[in-house]
Amino acid sequence: MGKFVVEPSKRIKTLPPYLFAKIDEMKEEVKKRGVDIIDLGVGDPDLPTPKHIIERLKKAAEDPANHKYPSYVGMLSFRQAVADFYKKRFNVSLNPESEIISLIGSKEGIAHFPYAFIDEGDYALVPEPGYPVYAIATRFAGGEVYYMPLLEKNNFLPDLDTIPEDIAKKAKIMFINYPNNPTGAVATKEFFEKAIEFANKYNVIILHDAAYTEMYYDGQAPLSFLEIDGAMEVGVELHSLSKTYNMTGWRIGWAAGNAEIVGALGKIKTNIDSGAFQAIQEAAIEALSSSQQCVKDMQKIYQERRDVLINGLKEVGFNVNSPVATFYVWIKVPEGYTSADFTALLLSETGIVTTPGNGFGPSGEGYIRMALTVDKHRLNEAVNRIKDIKEKIFK
Ligand code: PLP
């Protein structure tokens with residue numbers, strides 16, 4: 001008998017290396033030296049899910065009615081809670097029966113979306129630097145990726161005028177994401193209008209990833225894509241409870257917008273997953289429908305952290321913008337460094353873990369990302385450690 005060979009698919013073999021693998025390796029080495037690590041690498045909230053949401057889950061978990069397979073598209077009461085949230089927060093009216101479906105986190109929706117619209121050789125327009133799933137999911141579905149660079153000189157918005165006509169004609173989907181990971185940028189109404197115009201001209205479906213709309217500061221609430229005239233004709237918005245309510249582990253989100261687009265995604269999902277645990281949907285209803293004080297408290301905490309970090313970095317000599325949304329700070333590395341060099345320097349000399357910007361795409365080269373996922377005292381400590389090696393940084 002011949003030796004059995006496990007032969008992975010081309011789609012697995014051509015996956016880019018896992019962004020955090022090299023960093024994890026370096027982190028372990030530094031840890032072995034006994035260094036106290038401050039981890040600003042991964043975008044996972046450090047704060048717990050609010051109590052009232054947990055209590056609702058506990059109760060809902062006891063109910064045998066919730067132990068069965070859930071509805072594929074989500075409980076109507078969950079979709080109604082999402083519709084009410086959109087009405088209250090964005091003054092957008094949505095039909096919960098046809099224009100909203102539940103997702104097992106927005107990542108799940110992003111990953112399945114191209115299967116609904118991309119055929120072999122079709123293009124998706126993908127922002128870079130950006131959340132890696134847009135490009136990977138497109139390729140998994142057999143599509144091609146055209147990257148739209150997000151540059152500081154354009155306020156980290158893609159310049160749609162530079163997309164070649166032949167690519168635009170072959171494009172089926174445009175992914176956009178504001179407030180943006182990793183740059184922290186927010187979109188203007190004008191940009192969304194331009195995107196809708198582009199979508200109509202070339203018949204391109206827009207997926208707006210809105211995971212961070214509730215993580216905002218200085219009272220500057222970001223827009224929903226669905227608020228813009230014409231958005232409902234051309235696109236959907238994906239959202240999630242992960243960041244708004246510190247529920248990354250719960251895996252619950254939604255897609256909302258154009259009924260045909262939502263329906264097509266639903267068709268894919270029906271054949272792959274069996275919906276979200278109903279008790280979690282009930283907890284999500286609790287989160288969306290009860291007092292939003294917990295969200296305000298969270299915004300206050302992140303705003304304080306942001307100010308500690310930004311003011312500290314400015315004092316050290318960094319030229320850094322203060323994000324008005326997301327819990328990410330996108331920092332230009334000092335002269336003479338690459339993203340990888342500077343990430344390595346901070347880790348080995350200060351024990352601070354950051355993410356190299358080029359890991360999010362080539363236009364992220366020359367930047368690093370810090371996540372505001374430790375308390376303000378630790379951030380202050382991080383700033384002090386950076387101050388201590390100031391001479392080394394600015395050679
Ligand atoms: N979209 C963006 C831009 C993200 O940064 C993340 C997570 O970090 C997600 C989507 C996925 O979030 P979830 O699947 O938890 O809803």
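Just follow the structure's listing: the first ligand is 1, and inside any ligand the first atom is 1. Every value quoted in this text rests on a predicted model; they were computed, and no experiment measured them.
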Under 4.0 Å from ligand 1, residues with heavy atoms, in chain and number order, are G105, S106, K107, I110, Y131, Y134, N177, N181, D209, Y212, S240, S242, K243, R251
Do we see a donor-acceptor contact under 3.5 Å between the side chains of K243 and Y212?
-> yes
By ring pair (Phe, Tyr, Trp, His ring centres under 6.0 Å), F140 pairs with (sequence neighbours left out) none
Margin query: Among F342, Y328, F318, W330, which residue satisfies the ring-ring contact (aromatic ring centres under 6.0 Å, His included) criterion with Y367?
Written below: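 The option that passes is W330.
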CD/Q293: more than 12 non-hydrogen atoms of other groups inside 6.0 Å
yes
- Qualifying side chain to side chain donor-acceptor pair (under 3.5 Å) pairs with a residue from residues 222-232, counting only residues at least two apart or across chains: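 Counting only pairs at least two positions apart or across chains, the side chain to side chain donor-acceptor pair (under 3.5 Å) contacts touching residues 222-232 are S224-E237.
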Determine which pairs satisfy salt bridge (Lys or Arg N to Asp or Glu O under 4.0 Å) with at least one residue from residues 139-156, sequence neighbours left out, and list them in order.
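Matches after skipping sequence neighbours: E152-K332.
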